**Q** 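Have a look at this one before I ask anything.
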Amino acid sequence: MAAVLRKLIQGRLPALAGVLCRRSGNEGHLFLNSSGSTLMQPRCGYSSPTESVIVEMDKATGVALLKLNIPPVNSLSLPLLTELAIVLDKLEMDKHCRGLILTSAVPNIFSAGLNLFDMMDKPNEHYSEFWRAVQEIWIKLYGSSLANIAAINGSSPAGGCLLALCSDYRIMANNPHFTIGLNETRLGIVAPFWYDILQWRVHHPPPCLHLFVMALVFRLHVHHPSAMTKVTRAYSTELKISVSYVKQPINWRSHEIYK
Ligand SMILES: CCCCC/C=C\C/C=C\CCC/C=C/C(=O)SCCNC(=O)CCNC(=O)[C@H](O)C(C)(C)COP(=O)(O)OP(=O)(O)OC[C@H]1O[C@@H](n2cnc3c(N)ncnc32)[C@H](O)[C@@H]1OP(=O)(O)O
């Protein structure tokens with residue numbers, strides 16, 4: 001398992017899509033266009049520079065690979081947040097989808113955080129709309145019923161880091177040039193109180209979560225699918241417990257865990 005994770009974080013994340021497609025046989029690529037509708041693409045490897053969120057769905061595993069695709073730095077602009085929200089809604093409603101991996105199609109950058117130009121020289125209505133969109137992504141990702149992993153394949157400052165924190169689990173490429181953290185505090189931008197929830201969860205991961213995520217990653221990479229079936233059977237109880245742990249209620253402050 002350590003070897004699998006090492007592969008993942010040594011810059012091979014983009015290859016994951018290929019792995020998923022080769023494995024599934026009946027794969028499709030789901031793209032969101034600017035009007036919010038999705039287009040199925042029958043081929044693996046297709047890419048369009050105009051699509052801001054690329055979704056590659058592996059029907060065999062029920063895992064969707066989401067790639068942020070707004071060069072140069074995947075900054076979280078209002079249009080990107082809106083498109084991402086639509087994609088998350090669609091996946092949430094897709095009964096075949098069991099999990100998602102959030103990553104980037106832009107080399108060396110996961111996300112540069114909130115789009116700075118959405119936070120300056122705009123009317124107040126824009127700020128309200130923008131902030132609502134930021135909170136919506138948090139609620140959709142953190143509150144999702146799908147298992148979700150952030151595959152951080154590049155730098156991820158500020159809101160990019162927060163975006164990754166919304167996921168159940170994070171794997172970051174081991175590259176000394178990739179940075180992550182809340183650099184925006186230097187500008188006086190302070191994350192709101194609900195950021196505590198994410199921070200707390202990262203520092204106190206439920207023990208079973210590791211097993212659950214390891215199983216998911218293993219499922220994606222293993223060359224013999226039957227091996228995974230055995231693992232799933234052997235650890236079925238742990239997996240059930242994991243799933244119940246993964247999605248802590250958002251109003252978790254009342255949860256015993258916080259007392
Ligand atoms: C959605 C979140 C949900 C979870 C929410 C949970 C809690 C949230 C609570 C609060 C959120 C508030 C806190 C967050 C605040 C922010 O995110 S503020 C944004 C702060 N971001 C930054 O400071 C990033 C600054 N950028 C960099 O450090 C670097 O650009 C880089 C990302 C490391 C990439 O470096 P490099 O490859 O060298 O590229 P360049 O620096 O040359 O940049 C290329 C062009 O991209 C423009 N750009 C960079 N960052 C942004 C940005 N954030 N917004 C808009 N544009 C950006 C940069 O200006 C360059 O443009 P030009 O080529 O010069 O035109």
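Both counts, for ligands and for their atoms, begin at 1 and track the order of listing. Since the model is a prediction, treat every value here as computed from it, not as a measurement.
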**Q** Do ligand 1 and A112 have nitrogen or oxygen atoms that lie under 3.5 Å from each other?
**A**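 Among all N and O atoms of A112, at least one is under 3.5 Å from an N or O of ligand 1.
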
**Q** Where does T179 meet ligand 1, judged by heavy-atom distances below 4.0 Å: at the side chain, the backbone, both, or neither?
**A**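 It is neither part, as no heavy atom is under 4.0 Å.
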
**Q** Tell me if a side-chain donor or acceptor on D168 pairs with a main-chain N or O of I149 at a distance below 3.5 Å.
**A**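 Here the side-chain-to-backbone pair does not exist.
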
**Q** For atom 9 (C) of ligand 1, find the nearest protein heavy atom and state the residue, atom name and distance (0.1 Å precision).
**A**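 Here the closest protein heavy atom is P192 CD, 3.0 Å.
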
**Q** To the nearest 0.1 Å, how far is atom 8 (C) of ligand 1 from its closest protein heavy atom, and which atom is that?
**A**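 Minimum-distance protein heavy atom for atom 8 (C) of ligand 1 reads L162 CD1, 3.4 Å.
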
**Q** Tell me, please: is M119 in heavy-atom contact with ligand 1, that is, under 4.0 Å?
**A**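 Right, M119 reaches ligand 1.
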
**Q** Checking N148 side chain against L100 main chain: does a donor-acceptor pair fall under 3.5 Å?
**A**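 Not at all, since once roles are kept as given, no pair shorter than 3.5 Å links the two residues.
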
**Q** Please work out, at 4.0 Å between heavy atoms, whether the side chain, the backbone, both, or neither of L182 comes within that distance of ligand 1.
**A**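 Neither part.
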
**Q** Heavy-atom contacts under 4.0 Å between L76 and ligand 1: side chain, backbone, both, or neither?
**A**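 The side chain, only.
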
**Q** Looking only at atom types and distance, does a side-chain atom of K140 sit under 3.5 Å from a main-chain N or O of Q135, one as donor and one as acceptor?
**A**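 No; zero donor-acceptor contacts below 3.5 Å.
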
**Q** Of all the non-hydrogen atoms in the protein, which one sits nearest to atom 37 (O) of ligand 1, and at what distance?
**A**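 The answer is I109 CD1, 4.0 Å.
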
**Q** Hydrophobic clusters here meaning ILVMFWY residues chained together by side-chain heavy-atom distances under 4.5 Å, can you tell me if I109 and I54 are in one?
**A**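 No, I109 does not connect to I54 through the hydrophobic network.
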
**Q** With heavy atoms under 4.0 Å as the rule, classify the contact between P157 and ligand 1 as side chain, backbone, both or neither.
**A**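 Under 4.0 Å from ligand 1, P157 contributes side-chain atoms alone.
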
**Q** Check F178 against ligand 1 and report side chain, backbone, both or neither, counting heavy atoms closer than 4.0 Å.
**A**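 Within the 4.0 Å criterion, F178 makes no contact with ligand 1.
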
**Q** With heavy atoms only and a cut-off of under 4.0 Å, state how V73 meets ligand 1: side chain, backbone, both or neither.
**A**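 V73 to ligand 1: side-chain contact only, backbone stays beyond 4.0 Å.
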
**Q** Any N/O of P72 closer than 3.5 Å to an N/O of ligand 1?
**A**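 No, there is no polar N/O contact under 3.5 Å.
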
**Q** Looking only at heavy atoms of W131, does any of them come nearer than 4.0 Å to an atom of ligand 1?
**A**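 Yes, W131 has a heavy atom closer than 4.0 Å to ligand 1.
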
